[in-house]
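This report concerns only the one structure given below.
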Amino acid sequence: MDPKTEHKWQERWAEEGIFEPGIDPGKRKYLITVPYPYANDSLHVGHGRTYSTADIVARFHRIMGENVLFPMAFHQSGTPILAFARRMASGDRDIRELYREHLKEYLGSAKEIENTLDSFTEPAAIADFFSNVIINDFKKLGFSIDWSRQFNTAEEIYQKFVTWQFHRLNDAGLIKKGSYPILFCNEEGNAVGEDDIRDGDVDKVSIEELTVVIFKGKSVSLAAASLRPETIYGTTNVWISPEGEYVKCSWNGASIVISRNALEKLSQQGISVDDPEPISARELVRHEFEVPLTGSRVKLFESTFVEPAFGTGIVYSVPGHSIWDFAALQESGVGLHPIKIIDVVSGSETVESLVESLKISGTRDKVKLEEATQIVYKSEFYQGKMNSLNGPYSGLTVTEAREKIRADLVRDGSAFSMYETSRPAQTRTGYPVIVAVMKDQWFIDYSAPWLKEKAHKLVEGMSFYPDQYKKSMHEVIDWLRERPCARKRGLGTRFPFDNQWVIESLSDSTIYPALYTCIVPIRKIHSKLGDVPPEIFDHIFLGKPLKDKHGCSGEIEEASRLFKYWYGVDIRITAIPHFSNHLAFYLMNHAALFPADRYPGAIAISGLVTSQGAKISKSKGNVVSLTKISGKYTADIYRLFMAVSADTSSVVDWNETDLASVRKKYDQFVNLVEEFHHPPEKRKGSFAQDWFEASFRQRLSSFKENMEKMRVRDGVVSVFFDVMNDLRKAEAMGADRNNLFSSILSEWLIAISCAIPHTAESLWQKHFPGMGLVSSAILGTEGVSEKDRELIESEAYLQGIIEDVREIGRVTGRTYSRLELRVSGAEHLAIAKAIISGKTETLSPSQRKVIGDFMKVRKNVRIHDFDEYTSLRQGKEILEKSLGLEVSISRSVPTQTDKNPWPGRPLIFLS
RNA sequence: GCGGAGGUAGCCGAGCCAGGUCAAAGGCGACAGACUCAAGAUCUGUUUCCGCAGGGAUACGCCGGUUCGAAUCCGGCCCUCCGCACCA
C-alpha cells in the first residue's frame, strides 16, 4: 500500500459521502465523539491515537450495520492562540524562527512561509492555518469523520450556542459571583496564565496562603508572614532583611511595618493598609516585640535570607522547625536556642538531623535548604503533634493546630491572611507576577447538591472503559467545587452577564457535541436571521414550544429532528488528562441541562503515547508530526500499530523496532491475500478446512465481543493475528490455502477494514469487484455453533497429543517410526466419572484397583463432548504429517492395573 | 499527604473481579532446524531447572494469613505511574 493508493480511497469515500450519514430510522444510530483539538499547533503521533481508536470503533459499528456519526470541530478559545499572536506581533525573532522551521513541513516556497508567518499576528489566521493542517492530516489517515458538520469555537454561531447555554445554567441557579485569588500582573493590569509566565510551563507557579501575624511593639508592630502559623509557640525572634525597603502603615487601627513590595500585593488582595511612610527598619533591630497568643517577648534581628519581595518581607523565626531559621540563627551568633514544639514519629528527620546529613553550611545553601524544608514540612504536617509547650493547643495534630491557631489569631485581631506565589515569577515581558483577589469572579457552581445528585445518577447509568473510571468519576464529582468560568482576557464567547469577561475555555466546551447533530440547519437559520435567538435553541435542544418561528420553521424542525435522532453521545473517547476537568464538566453540564434520555452513554479513556521510550516533547526532540506519518509509514500501518501495540487505556510507545514488526505482519497479510485465487469449485471439507472455518467464526465472534467492550487491541489481534496463525496451522494440517480463503475472505476483509481500511478496500476490489466499498459493507451475523466448538476442542486435543509425543521423544532422545494410540472406552469413562464424582463405592473390586493409576494422571483427564476415537481417526493424517510417524489407533482396551487410557488422555506407545 | 491505577518469565503484555483445567495467551527478541551458494523473508521447533515415556521441582514485587489447593482472596511492607483545578 502506498500513500497514493490510500489517497485514492479517501477520495472515493468522500465522493460517495459514506461518512456523512443522515437520519435512517431503520438503523440503530451511533454517535461517537472525541474532544476537539486546540488549533494552535499541528498534532503529533500522540494526538492521533485517540482519533485512530475512535475511527476504528466508528468503522466497527458501521460494519455492524449501525448508522454511525463521527464528527469533529476545532477549539480556539482561551489564551494560547492569543499569546502566540501577540508574540508574533511583537516581532519576537525566536518564535518566528521556530515556526519558520515548523512550517516547512507544510508549505513549499519560502515566500509562502513568510506570508503565512506575517498573517500569524492575527489569532484567527493561526487557528485557521492549523485547523486546516489537522484536517489534512486526519484525511490522510483515513478517518471516517463527517466533515460537513465541522465548526470552530470562534464562530458566531458557536458563541450564540454557548451564550444560550450560560443563560440556561443561570436559570438553573448555577452562575455565581465571588472573590477568588488569581495570578496577576499589576504593570500589565492583567490576569496571567501559565503561558504568560516566564518558564511557566516547566516550573509551575501556584498560589499559597500565608498568615500574617502582628507582633506588637512599643511604637510600631511587625507584620510577619508565615506559611506555618501553628509554629507560633516556637518563636525565638523575628527576622527582617538588611537590604529591604520597609514602610510603616496603618492596618485595622494598628501601626504595622511591612516591606514596600508587600504594599501593592495587599492592596490587590483587598486588604486595606493606609498612610504608608518609609521607615528605617534597622532602627528597630534588637527592639522587643510581643508574640501573640503566647505573650512572650522576642527581639528583631537581621538576616540576608529574608526576601523583601516575599510576603511582608518580615518573618518570625522558629529554628526548632524551620531549617532556614535554624541556619540563619547559627550565622547570626545572637545566641538563641531552638524551641521544640512539635513531636514527630521517632526516626523522622528533624531540622538538626537534616542540617547534618545534608551538610548544610548556611543560608547560602539555598537548594539544600529547600529540599530539607520539604522533608521537614511533610513529616511534621502529616505526622506531627503539638507537644506540651503549646498551651491550649497541646496534643492537637499539626493540621488541626494550624487551622485553630490561624482562626484564633485572626479573631484576636493579631493576624490576617494574604496570598503569595509559590515562587518568584515574572511575565514574559519581565514584570513581577503577584496574587490578586478578584472580587467579582464568576463561577459555575458545581457544588450544588441537586446537581451532584443528578450527575451521580448520570454516571451510574453510563459505561466507562476501563470500568474502574466509573468509580473515579463519582469521586471527581464529589470533589468538584465552584469553578471560575470567565476570564478577563483570551479568545472566546463574551460572558453574557458581564461584558468585561470572556467565558473560560473549558467552560465553553461542555455540551457542544449536541451541536454536531444539527449544525447544518442551524447554519441556515443563522445566515437567514444573522442570529440564533435563545428560544430557538430551547426548542431544538430542550423541546420547548416555539411560537415565533422567525420564518425558519423548515430549518428549525429539521434541526429538531436531527437532534432527536442523534443525541446523546454513545461514546466519547479521550486521553486521561481530560478526566477530572473536561469530562467532569461535560457530564455535569449534561446533568444540569438535559433530560436523562440525552445523557452520554459511555466514556472510554485512551492512553498516552510515548516516543522512543520518552514523553513526547519538543525539548526531547522526539515529536513525530502526524503530517509525516502517511507518507513515511502509510496510514494503515499507523492505524494498525495504534490498534495492536497496547490496550486502549495503556501507554503506547512509538518506536521503529515495534513499527517494523507490525509492518512485517502487515506485509505477510497483504501478500497472502493478494496471492489468493478463487478456487474453480469449492472442495469438500476436510478436518483442517472444517476446523479453520469453525475457528474463524470463533475469532470473529471474539472480535465483535472485544470491540463492543472497547478492547480494540484484543479485537484486532483476534481477527488479524489469530486468523493468520490459524491459516498457517490449517495449511500445516494439509488444507489448501485458496480453499481456506474462499470461505472466509469477504467477512475477513470487512472485519479487518476497521483497522486498515485502505488495504482492505484494495483487496476487496481485487477479489470482489462490483460489490461496492468494503467501508460500507456489513458483517454477517452467523455465530459459533455447537459443532464449531467441538471441532475447535478436538483440534486442541490433537495438538495436545502431538506435544506429548514430542516431549517423549525429547526426553528419551530416541527416534521412533511408529505411534500407537489407545483411546479410553466406555468402561474407563464410567470409572473416571465415578472417581471424579466421589462415588467409588459403585465400582467393582477389580475396577477399584485402577484408581491409583487414575490419580497419577488426574490432572490431564478431561471428558470431551466429542468422540476421541473419531477425532483421532479424522486427524490421523495430521498426526502423521506433523510427527513423521506411522500412526495406528485403537479403542476400548481392557482395564489394567498399571497403565490405562483415560478420557482426554489416550495411551501413547512409541516404537 | 489525599485520591486512583499498577508491580506477571529477556522485553512488551493477557490472566486476577467469579481460587483448581496456569510453567501462565499473544507479540517481540534469542537459539536450533528446514529452505538458500549465502543473507533476508518464510516455515518448524525450543526458550526456569531437572528428567532415557507424556513426569517432577521452583516460580507471577516482598512477608505473612485463609484454603485440600492462591498469579488469582485477606493483612502488612516495599516500589512505580497518574490526578490534585481555573490550565488547554
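Throughout, a chain's letter reflects where its sequence line sits, starting with A, and its residues are numbered from 1.
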side-chain contact (heavy atoms from CB on, under 4.5 Å) evaluation trace for A/Ile444 with A/Ser507: CA-CA 9 Å; A/Ile444 297 179; A/Ser507 302; 4.3 Å; yes
Derivation and outcome, side-chain contact (heavy atoms from CB on, under 4.5 Å), residues A/Phe184 and A/Thr421: CA-CA 10 Å; A/Phe184 188 79; A/Thr421 55; over 6 Å; no
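Figure legend: A/Arg572 and A/Tyr586 shown as a cation-pi pair, the cationic atom lying under 6.0 angstrom from the six-membered ring centre and within 45 degrees of its axis.
Here the separation of B/G13 from B/A18, taken at their C1' atoms, is 23 Å to the nearest Å. A distance of about 7 Å separates the C1' atoms of B/G19 and B/C73, rounded to the whole Å. Between B/G6 and B/C17, the distance separating the two P atoms is 13 Å to the nearest Å. A gap of 34 Å separates the P atoms of B/G20 and B/C2, to the nearest Å. B/U44 and B/G26 are spaced 13 Å apart, taking the P atom of each and rounding to whole Å. B/C81 and B/A30 are spaced 30 Å apart, taking the C1' atom of each and rounding to whole Å. Spacing between B/A24 and B/U58 at atom C1', rounded to whole Å, works out to 14 Å. Taking atom C1' in both B/A9 and B/C63, the straight-line distance is 22 Å, to the nearest Å.
Residues A/Gly904 and A/Ser505 each lie close to RNA chain B; by heavy-atom proximity, the contact nearer the 5' end of the strand is made by A/Gly904. Comparing A/Asp714 and A/Gly78 by the nucleotide of RNA chain B that holds the closest heavy atom to each, the one mapping nearer the 5' end is A/Asp714.
Close to B/U42, at under 4.0 Å from its OP1 or OP2, lies no side-chain N or O of A/Asn671. Look at A/Arg905 and you'll find a side-chain N or O under 4.0 angstrom from OP1 or OP2 of B/G55. A/Arg487 has a side-chain polar atom (N or O) that falls below the 4.0 Å cut-off from OP1 or OP2 of B/A88.
In this structure, CG of A/Asn152 is placed 16 Å from C1' of B/A88, rounded to the nearest angstrom. For A/Ile503 and B/C86, the CD1 to C1' distance is 14 Å, given to the nearest whole Å. In this entry the distance linking CD of A/Glu675 with P of B/U42 reads 13 Å, nearest Å. Protein atom OH of A/Tyr666 is 21 Å distant from nucleotide atom C1' of B/C28, rounded to whole Å. Whole-Å rounding puts the A/Tyr586 OH to B/A88 C1' distance at 19 Å. Residue A/Leu491 contributes atom CG, which lies 12 Å from atom C1' of B/A88 at whole-angstrom precision. Across the protein-nucleic acid pair, A/Trp902 atom CH2 and B/G54 atom P stand 17 Å apart, rounded to whole Å. When the P atom of B/C87 is taken as reference, atom CD of A/Gln441 falls 9 Å away, rounded to whole Å.
Searching all strands for a Watson-Crick or G-U wobble partner of B/C73 with both distances below 3.5 Å returns B/G65. With both pairing distances under 3.5 Å, B/C84 is matched to B/G1 as a Watson-Crick or G-U wobble pair. Across all strands shown, B/U42 is found opposite B/A34 as a Watson-Crick or G-U wobble partner, with both distances under 3.5 Å. Pairing of B/U21, defined by two Watson-Crick or G-U wobble distances under 3.5 Å, is not identified with any nucleotide. Across all strands shown, B/C49 forms a Watson-Crick or G-U wobble pair with B/G56, both key distances being under 3.5 Å.
Between A/Phe130 and A/Phe74, the gap from one ring centroid to the other reaches at least 6.0 Å.
Here the shortest heavy-atom pairing between A/Phe579 and A/Tyr469 reads CZ-O, 3.5 Å. Here the shortest heavy-atom pairing between A/Ala154 and A/Gln76 reads CB-OE1, 3.2 Å.
Using modelled atom types, one finds no donor on one side chain facing an acceptor on the other under 3.5 Å when comparing A/Ser606 with A/Thr53. Side-chain contact annotation: A/Glu868 with A/Tyr797, donor-acceptor N/O pair under 3.5 Å present. When only modelled atom types and interatomic distance are considered, A/Asp726 and A/Ser695 share a side-chain donor-acceptor pair under 3.5 Å. There is no side-chain donor-acceptor pair under 3.5 Å between A/Thr574 and A/His582. Between A/Glu795 and A/Gln799, the side chains place a donor N or O and an acceptor N or O closer than 3.5 Å (distance only, hydrogens not considered).
When side chains are defined from C-beta on, A/Tyr512 does not count as touching A/Thr153, because their heavy atoms never get closer than 4.5 Å.
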Per-nucleotide protein contact string for nucleotides 43-53 of chain B (B base, S sugar-phosphate only, - none; heavy atom under 4.0 Å): SSSS----BSB
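Backbone-only engagement by A/His75 is indicated by non-hydrogen atom pairs under 4.0 Å involving sugar-phosphate atoms exclusively. Nucleic acid contact class of A/Tyr38 (heavy atoms, under 4.0 Å, all strands): sugar-phosphate only. Across all strands, A/Asp667 comes closer than 4.0 Å to no nucleic acid atom at all (heavy-atom distances). Here A/Pro37 lies out of heavy-atom contact (under 4.0 Å) with every strand.
Taking every side-chain heavy atom of A/Leu907 into account, B/G54 is the closest of B/A85, B/A88, B/G54.
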Protein N or O to nucleotides 3-11 of chain B N or O, pairs below 3.5 Å:
unit_1: B/G3; atom_1: O2'; unit_2: A/Glu475; atom_2: OE1; d: 3.0

